[in-house]
Amino acid sequence: MTLKWMAVVVAAVSLTLCVTANVVVETVQGGDQVPFLVNVLAITAAGAATVLAVVADLHERLDARITALTEFLITRLNELDHNAGDRNSGFVEGYLLSRGQESAVVPIGPRLHGRRAVLGGDD
């Protein structure tokens, strides 16, 4: 049983016990009241369980939305990857074959901050 439904059951049982205790004490003992602490405890338990049920429901909904968004994003990225492909792979392979030697493709290093203007000569 999920947390949400467990909290709903606790709230329902707590309120039912509170009302039943008040009705039974009124009818059986003829005018006496249930102790104040018992009523406050039952109502506090019901309130806390209700808040917990609402928070659990909101968490469930949020989790479902995040899951749907993730699945949509994965589908869209796979579609983009399928449509785009790697258009430069043929060029790189042809270049390496034309050199006649086994060369490794070296990634370009990180860019420097800002651009430098070369006015002449080597830096």
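Start at 1 with the first residue, then count along the sequence.
Val10 and Leu15 fall into different hydrophobic clusters, defined by Ile, Leu, Val, Met, Phe, Trp and Tyr side-chain heavy atoms under 4.5 Å apart, directly or through other members. Residues Val8 and Met6 share a hydrophobic cluster, clusters being chains of Ile/Leu/Val/Met/Phe/Trp/Tyr side chains in contact below 4.5 Å.
Applying the salt bridge (Lys or Arg N to Asp or Glu O under 4.0 Å) criterion to Glu60, with sequence neighbours excluded, gives Lys4.
Taken to the nearest 0.5 Å, the CG atom of Asp57 stands 11.0 Å off from the CG atom of Leu3. Between the OG1 atom in Thr75 and the CG atom in Leu80 there is a gap of 11.0 Å [rounded to 0.5 Å].
Within the structure, side chain to side chain donor-acceptor pair (under 3.5 Å) contacts touching residues 36-49 (residues at least two apart or in different chains) are Asn22-Asn39.
Clustering of Ile, Leu, Val, Met, Phe, Trp and Tyr by side-chain heavy atoms under 4.5 Å joins Ile66 with Leu62.
Across all their heavy atoms, Ser14 and Ala46 have their closest contact at OG-N, 3.7 Å. When all heavy atoms are compared, the tightest approach of Cys18 to Ala42 is CB-CB, 3.6 Å.
Checked against Glu71 for a side chain to side chain contact (heavy atoms under 4.5 Å, CB included), the options Thr67, Leu69, Ile74 give a single hit: Thr67.
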